[in-house]
Amino acid sequence: METFFLRGSSLSSIPSSSLNHRSTFRPINRRPCLRAQQSDGSATDIPPGEFKVRNSQDEIAATQGIRIRRRPPTGPPLHYVGPFEFRLQNEGNTPRNILEEIVWNKDTEMRGKKPLYTLKKAVDMAPPPRDFIAALKASYLRTGMPALIAEVKKASPSRGVLREDFDPVEIAKAYEKGGAACLSVLTDAKYFQGSFENLEAIRNAGVTCPILCKEFIVDAWQLYYARAKGADAVLLIAAILPDLDIKYMTKICKLIGLTPLVEVHDENEMDRILEIDGIQLIGINNRNLETFEVDISNTKKLLEGERGEKIKQKDIIVVGESGLFTPADVAYVQEAGVKAILVGESIVKQKDPTIGIAELFGKDISAA
Ligand SMILES: O=C(O)c1ccccc1NCC(=O)[C@H](O)[C@H](O)COP(=O)(O)O
């Protein structure tokens with residue numbers, strides 16, 4: 001269905017009387033140029049080549065089974081009626097689901113970032129990276145249970161605000177005390193109320209657990225930025241990134257000392273990632289990021305049969321992600337073959353997240 005948009009407002013919600021009120025609208029300048037709407041609503045000119053690049057990016061991605069499209073550079077195209085300027089919204093220029101919306105927002109955030117070379121100095125000056133995988137392995141050996149990547153998560157699109165009294169450093173310290181091997185810090189502001197300031201503050205507060213920067217990476221620039229802010233690992237989401245991007249980003253990660261955690265949700269994504277050399281850490285998300293449906297049997301399903309064998313042969317560590325609330329859940333994914341778990345909601349919501357961890361595992365897993 002097509003809806004008309006007029007400077008961000010649905011036409012159907014505008015009283016018809018105001019449509020006749022000329023002073024409400026800016027008379028248009030019919031320039032035959034390409035214009036993109038930026039996050040602040042202003043417009044900017046787009047080099048015509050960028051259209052083709054974005055289109056072919058999506059075409060390549062679609063051949064790999066990727067449904068998430070990248071943001072069209074112009075946003076909804078302009079449509080003119082007399083002196084009025086409308087934006088025509090349709091399937092092609094409107095995000096189809098929450099993940100696509102988040103990705104399009106990231107594409108917009110990337111606009112106007114300083115060139116990559118300006119980050120080089122900050123990367124060189126960042127605190128040295130810590131070994132994320134070694135921390136997971138050490139924890140697994142110590143406890144005999146999946147190593148915990150504890151997520152510092154204030155809010156999410158599916159659950160809203162999870163914790164009102166949110167002090168990221170306090171929560172990170174409580175996680176460390178409770179026996180977390182690593183931390184995951186959400187840095188997306190718009191949908192998760194996270195930030196790079198949180199990540200930096202946790203790193204600077206002397207927390208020793210390696211930190212995963214939980215971002216929606218669409219551009220190599222974000223890898224350098226994450227490292228500059230003190231991250232030790234980053235998330236690469238197979239539902240968003242074509243194989244070649246994952247290959248190059250993995251190489252960049254290695255170059256700058258980041259551990260990539262490549263996240264998959266279904267068989268196709270798992271098969272794609274298992275064909276890529278050099279992947280050491282795969283996360284299986286039990287949450288469908290397009291529909292929010294959570295089903296922890298997804299982890300088991302993706303580790304059965306040949307896939308499980310291949311993972312063992314390649315010595316890949318698998319992380320079970322999302323929807324884990326009880327010791328039975330932890331035992332279930334461990335039985336399926338994971339050596340680590342990534343948990344947010346069930347522990348961040350507890351008054352004392354240290355106790356939340358003990359409750360999740362059914363016992364105290366701290367080193368003390
Ligand atoms: O959590 C969401 O609602 C969400 C929505 C859209 C994209 C990503 C989303 N979450 C990221 C995650 O995968 C989780 O934060 C992480 O695995 C922890 O999950 P949980 O233990 O269920 O909080």
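As the structure lists them, so they are numbered: ligands from 1, and atoms in each ligand from 1. Hydrogens, waters and symmetry mates play no part in the numbers below; they use all other heavy atoms, side chains included. Since we're looking at a predicted model, the values are computed, not measured.
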Sub-4.0 Å heavy-atom contact, [X] with ligand 1:
X: Leu99; answer: no
X: Phe325; answer: no
X: Arg159; answer: no
X: Leu289; answer: yes
X: Asn285; answer: yes
X: Pro157; answer: yes

Taking the six-membered ring of Phe216, is NZ or CZ of Lys106 closer than 6.0 Å to its centre and within 45° of its axis?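 Not flagged: Lys106 not positioned over aromatic ring of Phe216.
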Report yes if [X] has an N/O atom closer than 3.5 Å to an N/O atom of ligand 1; otherwise report no.
X: Glu263; value: no
X: Ile102; value: no
X: Gly323; value: yes
X: Glu321; value: no

Considering heavy atoms of the protein only, find what lies nearest to [atom] and give residue, atom and distance to 0.1 Å.
atom: atom 17 (O) of ligand 1; answer: Ser322 OG, 2.6 Å
atom: atom 6 (C) of ligand 1; answer: Phe292 CE2, 3.9 Å
atom: atom 21 (O) of ligand 1; answer: Gly344 N, 2.8 Å
atom: atom 3 (O) of ligand 1; answer: Ser158 OG, 2.5 Å

Passing candidate, side chain to side chain donor-acceptor pair (under 3.5 Å) with Ser322, options Asn285, Asn298, Asn288: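 Result for side chain to side chain donor-acceptor pair (under 3.5 Å) with Ser322: Asn285.
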Where on Lys214 is there a heavy atom closer than 4.0 Å to ligand 1, on the side chain, on the backbone, on both, or on neither?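 The part of Lys214 near ligand 1 is the side chain, not the backbone.
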A quick test of your reading: do over 12 heavy atoms of other residues, nucleotides or ligands sit less than 6.0 Å from CD of Glu293?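 Open.
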Is a donor from one side chain sitting under 3.5 angstrom from an acceptor on the other, for Asn105 and Thr108?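 Looking only at side-chain atoms, Thr108 and Asn105 do not form any donor-acceptor pair under 3.5 Å.
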